Structures are given as structure tokens and as C-alpha cells.
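A short write-up of the structure that comes next.
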Amino acid sequence: MKNVLFLTLFTIFHVIGQKTPETPVNIILMIGDGMGLSQITAGMYSNGNKTALEEFEYVGLSKTHSSKNLVTDSAAGGTAIACGKKTLNGFLGMDLDNNKLSSILEICKSRGYATGLISTSSIVHATPASFYANVSSRRQYQDIALQLSENDVDYFIGGGKKHFQNREDDRNLISEMKDYEMVNSLNKFRQSTSNKLGFFTYYDEPPRINDGRKPKLNEALTATLEKLDQREKPFFLMVEGSQIDWGGHANEIDYITSEFKDFDGAISVAVNYVNLNPNTLLIVTADHETGGLAITLGKTNPYTFRSDFSTGGHSATMVPVFSYGACADKFSGIYENTAIFEKMLETVKGN
Ligand code: MG
Ligand code: ZN
């Protein structure tokens, strides 16, 4: 009798300990801001005709237009992906009628997931802010900072400390964020045992990777995944390669390809994580293309090319969606950018 009981208990614990298909899916969403196919192509050839994106199993195309403009900005583009609603350019986490929207990060958090945001811009910039802020102008940096301080994202890494410390209302949001441990280096981030951890990489906007930006995105992602992996819960993590867009605005191909390379290094880290943790969905996409970039001439061996830009702004061209790991098959096909939110939500526990 004792033996039977022991065996039964052993079997139950054994089953619980295993990752069954019912185990909630971790989500890693990577957004290359302004990363259209030409940016990927340029980055790939600059890197000897290689990119981590070649590992991916499924590719889709996302229509990036905002509610009234074919050419979106990063606020409306981020909101579509984060919250599943097309809105006006400049709006963050708000629909056309000024209703506040819930983001996939907030929905995951309310269902017991751990959450994280990593950005190579300031953490209050439009793309990361679309996951926690509700404002009618992306320029309301002080309001956006206040909303991050009240949001409870478990781990964040990005620039823009000044919006939390040097404020018109004289508040010091960093000292108000008492649940958090704030660190000023990636080593301290790694060493911390806190479940609420913020790392302001720069006081203002971080510099270009070619001007020495630290940490590299692959290092920031590795450190954050180590934290998330230790939690006994599923997670949602957004990782942005922010400055691919800024290279597009500057019409500087080296700026684009170097920022793409930094982002591509982080994609490799994420792919490896999925290989070790198959219960993870990895999505890599863009909010829009920037620069109207084309590669118009070039040679192989070694790979060199000429690039031409058609605008200093964004373009309306569709952008690719690469997916890998659990539920990745959902993301093939052509769909609106808002469908990225819906497809992620389908994988979330409790739906
Ligand atoms: Mg951005
Ligand atoms: Zn832009």
C-alpha cells in the first residue's frame, strides 16, 4: 500500500515537473524599429551574407498603416502591436476616442506572468512606452515616465533617466519606485536578487552602437533572460532595436547596418533560448520601414553595395514578421499589424 502511494505521488510530481503543452508559453517579442526588408538585406550582406533570422521557421507580412495614415509613426505602430488597435500617429496606448487600451504586457502581468522591457533608446520612447503608457502624445515624456513608475514591469533596461529625476513636478520617480532595485551597470543587474529591477543605461538617449553604446543588446537580453528563467512563472518580454530607425531617418547606411548587427546578435541569443526552452514563442518584427531604403547596386566576395533612400521619414511598405518556437505557425501569412497582438493573446494563459 505504501509503495502504491509512493508511486502515485512520484508519478504526479514527475508529470507536474515536466513541461507539458499546457504549460503557458513565454513570449519574446523583438521589434526592430524601422526594420524593413531592405534594412535586413543591407545588414545581412554587411555581415557576410548572414543573419540569425535565417533560423526562423515562419515568416509573415504585416500591414503597418495607422488608423488614418498609410505611413505610421512608432507610437501608432507600437500601439497596434502592443494593444491590438490602430490609432492616430502620435498616440500611445489610446484609441481614436481617447479610450485607454491594455497592452499584451499588462494582460500577461494580470495573469501572473513576469514582464520585461529592453530598449536601445530611452525607455520612455514611443516603442517601449506603447506597452505601458496611455497618452495622446508620445512627446509627453514626463507623463510617460510617471506611468512607467506606476506600472510594475518587473525588469527594464533603457535610457532616459532624466525623465524620472529632472522633472517639472520636482518629483524623483526613482526614489518613489520603492519596490525596485535600481542598478547602474549590467554586472549589478546580474548580481541583484530583486524581482523588480531597473537599469537606466543613460541619462538621456543612448548613443549609437558605433559610438560605444553599452551594454550590447545581446548582453542585456542574456542578463534579462537569466532573471526571467529563475522565476517560477511564464513571462512576456519586449526587446527593441530602437536605432535602426534613427539610421533610416539620418539616411546613413552604416548607422542602419551597425544597429541591425547589434539587434541580430540579440536575435541569436533569443533563438538559443527557445532551443533550450521550446515552450517559448519568439517573434521578430518591425513597426514600419524607415528611409524608403533600396539596394540598387552591389558586388559579392566581399559583399559591397550602394544604397539609396527615398525619404527621411517612414514608408508604408509592409514589414516582415519572423516567428520561432511555440505557436510560431500562427504568424505566417499577410495580416494587419494589430493581428500580431491577437496572435500573441491567443497563446496567453486564461484565453
Ligand atoms: Mg522605437
Ligand atoms: Zn522613426
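Starting from 1, each residue takes its place in the sequence as its number. No experiment lies behind these values; they were computed from the predicted model shown. Whatever order the structure lists ligands and atoms in, that order sets their numbers, starting from 1.
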*Hey, can you tell me if Y303 and Y45 have their rings parallel, tilted or perpendicular (30° and 60° cut-offs)?*
parallel

*Kindly give the atom name of the N, O or S atom of E240 closest to the Mg ion (ligand 1).*
OE2

*In D33, which N, O or S atom comes closest to the Mg ion (ligand 1)?*
OD2

*Is K227 paired with D154 through a side-chain N to carboxylate O contact shorter than 4.0 Å?*
no

*For the pair H314 and H249, name the ring-plane relationship: parallel under 30°, tilted 30 to 60°, perpendicular over 60°.*
tilted

*Quick check: does D73 have an N/O/S atom under 2.8 Å of the Zn ion (ligand 2)?*
no

*Taking atom types as modelled, find out whether E289 and S315 have a side-chain donor-acceptor pair closer than 3.5 angstrom.*
yes

*Contact check: T127 to the Mg ion (ligand 1), N/O/S below 2.8 Å*: yes

*Quick check: does H314 put an N/O/S atom under 2.8 Å from the Zn ion (ligand 2)?*
yes

*Flag this pair as yes if the NZ/CZ of K343 is under 6.0 angstrom from the six-membered ring centre of Y335 and inside a 45 degree cone about the axis; otherwise no.*
yes

